[in-house]
Amino acid sequence: MPAFGRGRQPALCCRTAPHRSISPMKPNWAFSLGELFDHRSSSGKPMTFHLSRPLDLDRDGRSTLDLPALAALVRDSAGILSKAGVKPGDRVVVYKANHFDCILLASAIARIGAVAVMLSGLLGKEAAQSLIRRVEPAAVVTDAERIERAEITPAVFPGLEGKIFSLNGDSPHAQTYADLKAEPHLRPVPRRDDELLMLTHTSGTTGIPKLIIFPPATIQKQMARLECRHFPPLTFRRNDVVAMFTPYVHARAFTWIYSVLTLSPATVLAMDDSSPEVVDRVFRQYRPTFMEALPIDYAAMAPLIRTGANNPFANIRLFAGNFDAIRWPVIRRFLNASRHPFPLWRDGYGQSETGGMGMTVLSRRAANRPRDHKPGPRVVGRPMPGFVTLKIVDPTTFEPVERGRPGLVLAKTKARCAGYYGEPERWKEKLVGDWWNTGDIGILTPTGALKIVDREVNYASGIGYLEFEDTLVDRLPEGSDVAILPRENDVPLPIVATRDGRLDETDWSRARTGLPELADPVVITASDMPRTATGKIVREELRRTYLDTVATPGTGRWT
């Protein structure tokens, strides 16, 4: 494993690396992130990107851009950063409002041989400052809101005097990006396969997120290469209108852009907002046929579900979920909203450190079966042959358990990342030889499918509560969500989030019928449910608030 730590990093110097010529005959995963948009724009294939709002990076404020325009923005940004003194091997933090231009900034940073450190704009002050200090960046590209909220100032970071750039809004602590001019940086600086290319972070459900090390060999030649394969009907077609909702700082966004630029759908809708008003406006105009989003995005868009000519989801042939399990009723409602004769739902199982490890596909017929038809944990997919191997072991002895019994899920995958930046001990804790400890409790069926029972940290006395949460959400009124908090010497406490913070006793009584004994629920509004930047429920915060403790039923060693 490469020794990527703090301070000097000899492996990062790439001045002597040979320059690769750009050949349009190669698939896009063969090109570095810094070359990607140049290569694709020179191929002559038409593709248009429509934006839910103009990019913060774009001085011209355009809402529609073609590939040559995107490539020009990448070259221009690379020139600005290079003129500002960023050198190959330097770390550059991107910490801004979520939008597609995060990908363009990362491409610009890679173009000059520097290392993109991608931080979610939703990170709070403590987490953002901690991660910035950890990487010791040469520059920070941010915006006025985050400069103010997280105190990204020279007073807090003396080494960044003159190296903080604000994309959106003026700040006395930063240079205004729109005012900076530079000659486009024309010649990409390549990275060796084992060099540090990018840092992204984990969701941070249990505290300060971990920074994940991605060399080109992992994110480009494994994760992205796998996704660039044409596999109908689950991948893009040339006539697709693809809508994407995602944290554009996440590794998922970069494997996605490789697949988009390889499989070449005609139109891409790069969405930064899942509010019904914005989605309705964009989808009425462009009518997507393929959509990927987070659970919180699907929940936000749910009020738009309707039948008839005004249904914005009518043309969608494939829905895809990412980052977290999506509740069963949400899957059902969106599949039923499509007017396509055979719409599908594609759900993946994976982690930030490994990429995809399994995939499952649901038809409309399967989604409309009663939940009692197939009781037990939901199948999250089968490992990809030749790419991922899964096994289930006892959490204490790490000895394999029989098929059909729950245990800790270990994975062996070619796409595993190279480490946690500045935290080698946390990384070693997750390794079991060549195997990656996912921290999930799961079951392998006789046919090799994986069922997830719960996270180990929440697994209490052999009981996982994810399935019970799914059942409750399926039975409760639309828009509800549930988190069950196990307690050591008492029955579990359910936290129920509803749109208005109210829950009818009859609805609750009916929903919990046939489930294990639960305490009376704590009812909160949906906006009060603590979540990470990717919409995952922060159970530690719930435990602190409603149980006056952060102690968990599981060990939490691998979370």
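- Between the side chains of T525 and D528, a donor-acceptor pair is found at a separation under 3.5 Å.
- Between E277 and R281 there is no salt bridge, since none of the side-chain N atoms of the basic residue sits less than 4.0 Å from a carboxylate O of the acidic one.
- Atoms OG1 and CD1, on T246 and I103 in that order, are 8.0 Å from each other to the nearest 0.5 Å.
- With W508 as the fixed residue, the side-chain contact (heavy atoms from CB on, under 4.5 Å) test singles out one of V523, L518, T513: L518.
- Summarising the geometry of S166 relative to A144, their closest heavy-atom pair is OG-N, 3.3 Å, with the distance given to 0.1 Å.
- Ion pairing of R346 with E292 is present here, as a side-chain N (NZ or NE/NH1/NH2) and a carboxylate O approach within less than 4.0 Å.
- Judged by distance alone, the side chains of R133 and S130 never bring a donor and an acceptor atom under 3.5 Å apart.
- Between R499 and E478, at least one side-chain nitrogen of the basic residue sits less than 4.0 Å from a carboxylate oxygen of the acidic one, meeting the salt-bridge criterion.
- Between Y298 and W345, the ring planes are tilted. Angles from 30° to 60° get that label.
- L472 contributes atom CG, which lies 10.0 Å from atom OG of S480 (distance to the nearest 0.5 angstrom).
- Here the CD1-OG1 distance, from I212 to T218, works out to 11.0 Å after rounding to the nearest 0.5 Å.
- Evaluated for a salt bridge (charged side-chain N to carboxylate O under 4.0 Å, His left out) with E423, the options K210, R134, K428 yield exactly one hit, R134.
- The only option from E353, E425, R426 that meets the side chain to side chain donor-acceptor pair (under 3.5 Å) definition with Y420 turns out to be E353.
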Could you go step by step and tell me if M357 and Q351 meet the side chain to side chain contact (heavy atoms under 4.5 Å, CB included) rule? CA-CA 8 Å; M357 294 185 286; Q351 294 187 346; 4.1 Å; yes

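- Closest heavy-atom contact between L123 and H201: CD1-NE2, 3.7 Å.
- Here the shortest heavy-atom pairing between L269 and P288 reads CD1-CB, 4.2 Å.
- Side chain to side chain, Q220 and Y258 meet the donor-acceptor criterion of an N or O pair below 3.5 Å.
- A salt bridge is absent between E541 and R531: the closest approach of a Lys/Arg side-chain nitrogen to an acidic carboxylate oxygen does not fall below 4.0 angstrom.
- A distance of 8.0 Å separates CZ of R91 from CG of L196, quoted to the nearest 0.5 Å.
- In this structure, CE in M118 is found 6.5 Å from CG in L105, a value given to the nearest 0.5 Å.
- Looking at every heavy atom in both residues, D520 comes nearest to L493 through O-CD1, 3.6 Å.
- Atoms CD1 and CG, on I305 and N311 in that order, are 8.0 Å from each other to the nearest 0.5 Å.
- When each of E467, E469, R475 is paired with L515, the side-chain contact (heavy atoms from CB on, under 4.5 Å) condition holds for R475 and for no other.
- Of the residues F245, F254, F49, the one that meets the ring-ring contact (aromatic ring centres under 6.0 Å, His included) test with F100 is F49.
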